[in-house]
*Asks:* 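Here's a structure for you.
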2 protein chains.
Amino acid sequence: MSEQEPTPPPEALGRRGRGRPRATRRRDQILDAALAEFAESGFQGASLAAVARRVGLSQQGLLHHFPGKEALLIAVLARRDEVDVRELDGLGETAALTGLAERNTRRPEVVRLHTLLTAEGLTGDHPASAYVRDRYARVRDRLAHTLRAEHGDRLPSGATPDQAAALLTAAMDGLQLQWLYDPDSVDMPDLVGLLTDVLRGAPPDPAPH
Amino acid sequence: MSEQEPTPPPEALGRRGRGRPRATRRRDQILDAALAEFAESGFQGASLAAVARRVGLSQQGLLHHFPGKEALLIAVLARRDEVDVRELDGLGETAALTGLAERNTRRPEVVRLHTLLTAEGLTGDHPASAYVRDRYARVRDRLAHTLRAEHGDRLPSGATPDQAAALLTAAMDGLQLQWLYDPDSVDMPDLVGLLTDVLRGAPPDPAPH
DNA sequence: GTCTATAATGAGATAGAC
DNA sequence: GTCTATCTCATTATAGAC
């Protein structure tokens, strides 16, 4: 995590001029490939050679840029982290959750990555464990905070903000699983919206859809 | 699946008398060990040697009873399947879902197995894919059927039986994930009950707990 | 039925040439 | 920066002795 430098200070980059340094380009290419590969096969299931192939490198060529497989995953997650934090901060209102579900529908790769790593993180000393645990804490916290701001200590449905946060988080994860298995089986934004409404005690829409 | 013989015909077992044949004993011991190991490390992460160690066998001794790792998983799932079907059939009323959540709290091993395999099943040609896909179809179907029997084509909350079934299934899966990461973070039966109530449009309990 | 010995593979990682 | 060659290790699986 200490090697995460969104915009490294110029002096630390040596004599590189304006624009993205080539090395960083390559680095990003590799991270893209790694994300794709991890999303497809999980961390354990992915091989460095497969990642390397995606960028047209040999396995050893890849290892010039990252010290090892685990470091590669850490780097992928560090990059995801920035986006993640932004997205969570965007959840200032419960309506934004539907928007997130909508966006997710357009990026199955990211959804797969998170879903696979969340499960893998349960096993032994998986490198993603801390990331996932942290993420859960943040998501639920952020959601509960928003709900409390909107409804106080109890929602019209009777649920507490904490309960609602756990349920909404659970529904997101569970719906993603069903959706990944069969995208036509569930309408994620629709169902997240429905759950949000129901938890907020909204009256049933007489003619939905 | 064709090698699954819950109670093999006596004549096929040679000259063994009453009681469980020794071979079946061993088989069950191995399946127990395999379930435990798969639940701990997932299918990919588990090694045959680790399973064998749990029953006090060498890896090769184990392979005398099952032709390979994949066959071992299939056998574990086939045995789970019987229990699974019974449990799903037990969901004749939505209240039973809370009971299932309650029971799950007392068997983290089974919950882990299902959670890990559900995610792993997304990757490539995982041997559990079919099992999981099938399971989802059955669960949602069974739930939707129950809900329709109880409420007709629309629940008081406004959700259709299909929507509610997807949401309840998702919540179960998602809550299990959070619970496995931190058992104290969520009260599964409580939250499942809450979601059920809310979807059924039950009035908020003025003083819950 | 269980073991020892032993392939056969596949993966992560290192050393050093270009 | 990227490659070839190589090492090491874990794992699945087979062959055959007891």
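Only heavy atoms go into these numbers, but all of them, side chains included; no hydrogens, no water, no symmetry mates. Lettering follows sequence order; numbering is per chain, from 1.
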*Asks:* With side chain to side chain donor-acceptor pair (under 3.5 Å) as the rule and sequence neighbours excluded, what pairs involving residues 42-53 of chain A come up?
*Replies:* none
*Asks:* Do any pairs count as a ring pair (Phe, Tyr, Trp, His ring centres under 6.0 Å) and have a residue in residues 110-130 of chain A, sequence neighbours left out, and if so which ones?
*Replies:* A:Phe43-A:His126
*Asks:* When you measure from the side-chain N and O atoms of B:His64 to the phosphate of C:dC3, is any distance below 4.0 Å, counting only OP1 and OP2?
*Replies:* no
*Asks:* Give one of base, sugar-phosphate or nothing for B:Leu57, where a contact means two heavy atoms less than 4.0 Å apart.
*Replies:* sugar-phosphate
*Asks:* What one-letter contact string describes nucleotides 8-14 of chain D from 5' to 3', where B marks a base within less than 4.0 Å of any protein heavy atom, S marks contact via sugar-phosphate atoms alone, and - marks no contact?
*Replies:* ---SBBB
*Asks:* Taking atom P of C:dA13 as reference, at what distance in whole Å does atom CG of A:Leu72 sit?
*Replies:* 10 Å
*Asks:* Look at the side-chain N and O atoms of B:Ser58 and state whether any lies under 4.0 Å from the OP1 or OP2 oxygen of C:dT2.
*Replies:* no
*Asks:* Would you check if the side chain of B:Ser185 reaches a backbone N or O of B:Asp182 as a donor-acceptor pair within less than 3.5 Å?
*Replies:* yes
*Asks:* Provide, to the nearest angstrom, the distance between the CD atom belonging to A:Glu37 and the P atom belonging to C:dG12.
*Replies:* 10 Å
*Asks:* What is the distance, rounded to the nearest whole Å, between atom CZ of A:Arg53 and atom P of D:dT2?
*Replies:* 17 Å
*Asks:* Quick one: list whatever passes salt bridge (charged side-chain N to carboxylate O under 4.0 Å, His left out) with A:Asp89, sequence neighbours left out.
*Replies:* none
*Asks:* If the condition is side-chain contact (heavy atoms from CB on, under 4.5 Å), which residues does B:Ala170 pass it with, not counting sequence neighbours?
*Replies:* A:Leu175, A:Gln178
*Asks:* What pairs of residues pass the ring pair (Phe, Tyr, Trp, His ring centres under 6.0 Å) test when at least one of them lies in residues 165-192 of chain A, not counting sequence neighbours?
*Replies:* A:Tyr181-B:Tyr136
